[in-house]
Amino acid sequence: MSSDDVLVSCTDAALTFGRGAQAVVAVHGADLTIRAGDRLAVVGPSGSGKSSLLHLIAGLEQPTRGTVTRAASLGPYDIGLVFQGDSLIPALNVAENTALPLVLTDRAEDEARQTALAALALVDAADLAERLPEEISGGQAQRVAAARVLAQAPRLILADEPTGRLDHATGARVLDALLTAAGHTGAALVVTTHDPAVAARLTVRRSMRDGRLLAPEEVS
Ligand SMILES: Nc1ncnc2c1ncn2[C@@H]1O[C@H](COP(=O)(O)OP(=O)(O)OP(=O)(O)O)[C@@H](O)[C@H]1O
């Protein structure tokens, strides 16, 4: 695989919150290369640093040591985020939220809506299209966030515990949808999870323990 395929590379990338006695090292020098088509699970218990690592990869946090380099060709809309917490815009309904990345990149409104509805159907959320975020549950919001990234068709999908608040069957469906979307576009997919069954669906697994990213465990 040529170096052209490298989307993000982390070299000894560390992230520390706070200073002195209060300092929390969320990520100790992590080395990681993400290439087009990669399917990576970052597995670890709560507090092990998985979200912090994703934030470094996404550029939402700057490393306090080491480097995180993103390919020059990777624009902001080439990275799709499915993150924990409220990421939907309260004043927009579910269909509008899902279509937002497309509208922001100047896609025609009709086309954006059709793409959004198709993406919502893929995660079994088509019936939520006209509801406002305050009218859906946390688990449903997680599915909508997944649909939004499917509609966006980015080159790198970063999903932070995308199945965390979902029952097993719905979680599997969301993961199916993310894998299908990544397969269609050749995007790289990075999923954090504490669930070994979710991790087993991805090609490479890396464990995090106390902020340390362990060596890759590749599976065929
Ligand atoms: N903004 C912050 N300020 C201070 N400490 C933080 C901050 N964000 C995370 N941390 C700390 O960094 C460590 C790693 O947190 P992180 O959220 O990355 O773990 P995680 O593995 O994603 O956990 P979870 O699965 O519960 O989301 C934890 O000790 C956490 O308390």
Side-chain angles (χ1 to χ4, degrees), residues 7-34 38-70 79-88 123 133 136-146 148-149 154 156-168 170-175 177-179 182 188-217:
L7 299 176
V8 180
S9 83
C10 304
T11 306
D12 192 29
L15 181 60
T16 301
F17 293 105
R19 283 164 185 261
Q22 310 298 323
V24 175
V25 183
V27 181
H28 292 268
D31 291 302
L32 174 66
T33 302
I34 301 169
D38 280 357
R39 305 276 176 274
L40 170 67
V42 178
V43 197
S46 179
S48 58
K50 306 180 300 294
S51 302
S52 300
L53 180 67
L54 273 202
H55 290 181
L56 282 173
I57 295 169
L60 297 172
E61 298 277 3
Q62 296 306 312
T64 40
R65 190 187 73 226
T67 57
V68 176
T69 312
R70 275 169 293 281
I79 303 180
L81 307 174
V82 185
F83 274 10
Q84 295 179 34
D86 295 331
S87 64
L88 303 178
V123 297
I136 63 176
S137 73
Q140 288 171 331
Q142 208 162 12
R143 280 190 275 156
V144 175
R148 186 176 51 187
V149 99
L156 171 61
I157 301 173
L158 302 175
D160 197 4
E161 295 271 4
T163 63
R165 295 166 77 175
L166 305 175
D167 64 65
H168 185 76
T170 314
R173 188 106 167 85
V174 166
L175 197 59
L178 290 172
L179 285 163
L189 173 63
V190 181
V191 174
T192 72
T193 183
H194 60 266
D195 182 349
V198 171
R201 308 259 336 258
L202 291 115
T203 323
V204 176
R205 292 186 281 272
R206 294 194 63 174
S207 296
M208 276 202 95
R209 290 288 179 277
D210 298 327
R212 293 184 197 284
L213 184 65
L214 307 183
E217 175 197 341

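Just follow the structure's listing: the first ligand is 1, and inside any ligand the first atom is 1. Side chains included, hydrogens not; waters and symmetry mates left out as well; all remaining heavy atoms used.
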What are the two closest non-hydrogen atoms of [X] and [Y], and how far apart are they?
| X | Y | value |
| --- | --- | --- |
| G29 | A14 | N-CB, 3.8 Å |
| V149 | I157 | CG1-CG2, 4.1 Å |
| V43 | K50 | C-CD, 4.1 Å |

As an exercise, state the distance from CZ of R70 to CD1 of I79, rounded to the nearest 0.5 Å.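 So the gap between those two atoms works out to 6.0 Å.
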Show me a pair-per-line table, with atom names and distances to 0.1 Å, of protein N or O atoms that are under 3.5 Å from an N or O of ligand 1.
unit_1, atom_1, unit_2, atom_2, d
ligand 1, 18 (O), S52, N, 2.9
ligand 1, 18 (O), S52, OG, 2.6
ligand 1, 19 (O), G49, N, 3.1
ligand 1, 21 (O), G47, N, 3.4
ligand 1, 21 (O), S48, N, 3.1
ligand 1, 21 (O), S48, OG, 3.4
ligand 1, 21 (O), G49, N, 3.0
ligand 1, 21 (O), K50, N, 3.0
ligand 1, 21 (O), K50, NZ, 2.8
ligand 1, 22 (O), S51, N, 2.8
ligand 1, 22 (O), S51, OG, 2.7
ligand 1, 23 (O), G47, N, 2.8
ligand 1, 25 (O), K50, NZ, 2.9
ligand 1, 26 (O), S46, OG, 2.6

Within the side chain of S137, is there an N or O that forms a donor-acceptor pair under 3.5 Å with the backbone of Q140? yes
Under the rule for salt bridge (charged side-chain N to carboxylate O under 4.0 Å, His left out), what residues qualify as partners of R201, not counting sequence neighbours?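 In terms of salt bridge (charged side-chain N to carboxylate O under 4.0 Å, His left out), with neighbours along the sequence ignored, R201 is linked to D176.
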